[in-house]
Structures are given as C-alpha cells and as structure tokens.
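A note on names: the letters A, B, ... follow the listed sequences, proteins ahead of strands, and every chain is numbered from 1.
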There are 2 protein chains.
Amino acid sequence: MKRSFQIDMPKVETFNRDLVVAQATEVFHDKGYNATSMQDLVDATGLNRSSIYNSFGCKLHLYLDCLKAYQYKYQKKNSNVLLDAKNAIEAIELLFNMYLEEMISDSNDKGCFITNCKSEMANHDDKITSFLNRDQKNTLDFLEDLVSRGQNQGDINTNKIASEYALYLFSSLQGFRMTGILVQDKDHLKGIIKTILQTLI
Amino acid sequence: MKRSFQIDMPKVETFNRDLVVAQATEVFHDKGYNATSMQDLVDATGLNRSSIYNSFGCKLHLYLDCLKAYQYKYQKKNSNVLLDAKNAIEAIELLFNMYLEEMISDSNDKGCFITNCKSEMANHDDKITSFLNRDQKNTLDFLEDLVSRGQNQGDINTNKIASEYALYLFSSLQGFRMTGILVQDKDHLKGIIKTILQTLI
DNA sequence: ATCTATTTGAAATGAACGTTTCAAAATTAA
DNA sequence: TTAATTTTGAAACGTTCATTTCAAATAGAT
C-alpha cells in the first residue's frame, strides 16, 4: 500500500498495476476462472507469485479486479461511442458495431469477459454475483437512458417503454457476443445487428 | 460393452446409463466442466470411480456424453413444441415460453448447458468445438425451416430471408437464456420474448 | 548510511486433482 | 459348479493446485 502522508517513504510498488491487471485479464478471459492457474498468472504477468498475493490477496480477488477493470474499460468505450452518434439509434448501432469489429479482428473470439463470468460463476460466489448484478444494473441504466433520449427525439418508436427496450437490447447484446464466438462471418453478424435494431425504429 | 451375440453372457452392466448421464449432467451444468471434480461425479452418480472410467473413458468423454444427451433432450422438446402450434410464429413463441417456464421454475437458473460450454471451452478443445459447431448448425437448420414455413404461410414477414431470421433467433435465444440467469422476473422475460418476435411479424 | 517497506526467489505446505491398478466380490450363462 | 465379465473398494499414482513462508535483495526517503 502506498501511504504518501507518511514521513518515511521507502520502496514503493514498482510494477504497473494496471498493466498487470490487463495481463491477468487476458488469461482469465481466455481460459475462464477455474481453468486459469496461479502459475498461468505468474507467467503472464512476470510478477513473482508472492508479489501477486501481496498485491491482490488471492486468485479470486485478482479476478474481481480484472472484472472491474474490464467493466470500466467498456463503460468508457460505450460513453465514447455516444459522442460520435448523431442520434440514439445510431449510437446503439455504433455500439454493436464496436463489438462487431472487436469480434472479427480476433480470429478466436472469446465473447464478453463478464458474460463468460456469469455463465461460469453466477449464483456460486456472492461477491461475483453482486458484481454481476451491479454491472447488469449499470448497463440497463445506460441503455434505458439512451433509448429514452431516442424516444424523446423521435428516432426510436414508443411502442414499448424505454426500460423494456433496454432489457431487450441487453439480452440481444449478450446473445450477439455469444454468437460471435463461433460465427466469424462479418456479414452474418451485421445482419443480426440490423434485425435487432429493426424493432426500435 | 454388451455383446448379446456371445455364447457366454456373464455379468452385464447393471446401472442405468441414461440415469448416470443425467446425474452427471446436473453437476456439469451447475458447476461447469473445470469446477466439477471426479469426486463430484462419483458422489452424484453413486457409481464407483473405476466404473465411471470403465464405462465412459475419462472426464471429458463423460462430459461430451452429457452434452449429447442434453442436446437430444432439447431437440425432442423443440420438435414436440411444433405439434402444439397452429403456425410458425406461434411455434417460436411456444419455444421461447418453454425455456421461460424452465428458467423461472428453477430459482437459480443455470442458463443453457451448451451455451455455458461454449463460453467455457469453445476454441480450446477440438472435440468440444466440433460438437458446438454441429449443434449450432442443427439449431440454425431447425429455425430456418420453421421461419421458412412461416414465410410461406404468411405469418412471418419476408423482409429478410429465412436463414437471416434463423441466425437472429439463434442469437436472441442465447441472449434470452443468458439473461434469465440473473433476471427472474417473469413479466420482464415475457417482454423480451414479445420484443424479439415483433420483428418477424 | 540508515531506516522502512517492497519485491523477489525458491522452497514448502497440504490438499485436491484426474487417472490407474488390482484383487475381491458379484452376477449370470453354460 | 465353472467360466466369463462387470462392478466394487481402496489404495496409490504422479501431478498440479492455491497459498504461505521467510530470508535475501532492492530501493526511496531521511
């Protein structure tokens, strides 16, 4: 722990914490939690085994840190997408397209890290389940706000209330990213996006 | 192996293979492949450790047998749904409703066993990946046929070709079952189904 | 240089892992 | 009964697991 208020300031964490988390995330995302060994993490981060335990506590805690970093990264990406969109429906399309590009640029797509976590660990560990529920709520709020603005501005229909469309989009996004694990054809994936959006227009 | 043509017919497999697979499936489905230990399977099946190896080869082979049994079970369920539907769109609705009922009847829904397998193991083991690709093709063919009939009979629109709608439904179904892991509100889930189907009408 | 805290290396912990082994028990057809 | 085969029990295999330990090395601040 850094304690900058202290008078003595001896050796300080030298490694880049964010980088280490990013390296660990890559392994966890690829292999899943249970198939990832501590040795895998030592190899991927270049950190000493003891250092990992000193700095992150345990395997599960490091995993949670990776989940949070991934969540933060994509929350930023999602927000940035909004800046490039002239309206809500285009924002949603850009959102799906962002994931599409990531999916096809990775020849062996691994799906969404958080969705994989849900599939592997939801309702098994309390901290994980809480994280997943919070992430779901965040995403739904983000989408509901987006749909709401689209409905106010007239580019999204008002057949259903914003929260209902938000849940539909949340569900669709998960399915889309699951599908991308085995379907790598860009046109096919584009077709899914178009069909998903059709309902909102 | 049973060899009924043999002259001598000594002790024959006594346990119920289908039952054992069903019991193993429950554990694999709940915990996933990697978190399931051989001891878990011994406990769940009541079989001796050696008997499992004699009869199923190895953990992965038993897992594959479970996947195949699950696949077969739901292929039958899907086919049966068609018998109760007066047209294609209703068949698709009944299909989603069948999953909905299963999801809410299980207070801790575990999602689709095969989708969880994809999330955990796709592109890691060749036999698993082959199974998943075959299952995907089966499902897409089933859905395409269904959509095609709906389009011929007029209850599904022809804005997109049947294969495109099939992929959309495949993706939507995966997302729907992923969503059900944490969303247990029946009305919310019903809303997703309605929205998914809206596009086809 | 000295104090303080971090990082490292390497070994050790004990438990759990998937899998194998094999003799004894069980079962059934001949 | 005898012969054939499966099932069982229990132990053992060697490996890997997550985690701990601790002395030595390192480095910033005084």
TODO: Answer yes or no for B:Arg17 and B:Phe56: cation-pi contact, defined as NZ/CZ to six-membered ring centre under 6.0 Å and angle to ring axis within 45°.
DONE: yes
Whole-Å distance between [N] [atom2] and [X] [atom1]?
X	N	atom1	atom2	result
B:Leu47	D:dG9	CG	C1'	13 Å
A:His61	D:dT19	NE2	P	12 Å
B:Leu41	C:dT19	CG	C1'	13 Å
B:Phe56	C:dT20	CZ	P	16 Å
B:Lys31	C:dA16	NZ	P	12 Å
A:Asn54	C:dT4	CG	P	19 Å

Task: B:Lys186 side chain reached by B:Glu101 side chain, heavy atoms, under 4.5 Å - done: yes
Open item on the list: Is there, by distance only and without an angle test, a donor paired with an acceptor across the side chain of B:Ser50 and the base of C:dT21 below 3.5 Å?
Closed with: yes
Task: Parallel, tilted or perpendicular, as decided by the 30° and 60° cut-offs, for the rings of A:Tyr33 and A:Tyr63 - done: tilted
- [ ] Just say parallel, tilted or perpendicular for the rings of A:Tyr99 and A:Tyr74, cut-offs at 30° and 60°.
- [x] parallel
Open item on the list: Within the 3.5 Å criterion, strictly below it, is a donor on A:Thr179 or B:Gln174 matched to an acceptor on the partner's side chain?
Closed with: yes
Task: Name of the residue among A:Lys118, A:Gln71, A:Gln75 meeting side-chain hydrogen bond (donor to acceptor under 3.5 Å, both in side chains) with A:Asp135 - done: A:Gln71
Open item on the list: Between B:Ser51 and D:dT8, is there a contact of a side-chain N or O with OP1 or OP2 at under 4.0 Å?
Closed with: yes
TODO: Ignoring backbone atoms, test whether B:Asn48 places a side-chain nitrogen or oxygen under 4.0 Å from the OP1 or OP2 oxygen of D:dG9.
DONE: yes
TODO: Convert the base pairs of DNA chain C into dot-bracket notation, remembering that pairs crossing earlier ones are written with [ ] and that bases paired across to another strand are shown as |; include only Watson-Crick or G-U pairs under 3.5 Å.
DONE: |.|||||||||||||||.||||||||||||
Task: salt_bridge(A:Glu93, A:Lys190) N-O dist < 4.0 Å - done: no
TODO: Output, in order, the C-alpha distance, side-chain angles, deciding distance and verdict of side-chain hydrogen bond (donor to acceptor under 3.5 Å, both in side chains) for B:Gln184 and B:Asp109.
DONE: CA-CA 8 Å; B:Gln184 287 288 328; B:Asp109 183 55; 5.0 Å; no
- [ ] For each nucleotide in nucleotides 11-18 of chain D, reading 5' to 3', give B when a protein heavy atom comes within less than 4.0 Å of its base, S when such contact involves only the sugar-phosphate, and - otherwise.
- [x] ------SS
TODO: From the options B:Ile192, B:Leu173, B:Val183, select the one residue that forms a side chain to side chain contact (heavy atoms under 4.5 Å, CB included) with A:Ser171.
DONE: B:Ile192
